[in-house]
**Q** 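Here you go, one structure.
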Amino acid sequence: MYTAPAIEDLIHATLGSNASARERHVLRESLLNLVRLARAEQCAEMQASLDKAVHAAPAESALLA
């Protein structure tokens, strides 16, 4: 998984090395929640695209006629 190292790099770049454990934890959890949200949105968009493609395809009976 590439997410965890990227998040740790962002935490270090944003807060520096003097940040408290609580600050790092809050930022880490916020970034992880953004990743989860982005994944959920991507899945919803993929499902919507699939639904659109399926509904746009001709019915099987029309292909056999």
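As a basis for the values below, the full set of heavy atoms in this structure was taken, side chains included, without hydrogen atoms, waters or symmetry mates.
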**Q** Does any donor atom in the side chain of D51 or Q47 lie under 3.5 Å from an acceptor atom in the other side chain?
**A**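 Looking only at side-chain atoms, Q47 and D51 do form a donor-acceptor pair, the distance falling under 3.5 Å.
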**Q** Would you check if L31 and L27 make a side-chain contact, meaning some heavy-atom pair closer than 4.5 Å?
**A** yes
**Q** Working to the nearest 0.5 angstrom, can you tell me the gap between E29 CD and I7 CD1?
**A** 9.0 Å
**Q** Answer yes or no: is there a side-chain heavy-atom contact under 4.5 Å between T3 and R39?
**A** yes
**Q** Quick one: CG on L37 to CG on L32, what's the gap to the nearest 0.5 Å?
**A** 12.5 Å
**Q** According to side chain to side chain contact (heavy atoms under 4.5 Å, CB included), who are the partners of A19, at least two apart in sequence or on a separate chain?
**A**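 Scan of A19 (side chain to side chain contact (heavy atoms under 4.5 Å, CB included), adjacent residues dropped) gives L15, E23, R24.
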**Q** Report the residues that fulfil salt bridge (Lys or Arg N to Asp or Glu O under 4.0 Å) with R28, sequence neighbours left out, ordered by chain and then residue number.
**A** E8
**Q** Determine, using the 4.5 Å side-chain heavy-atom cutoff (strictly less than), whether I11 and V35 are members of one ILVMFWY cluster.
**A** yes
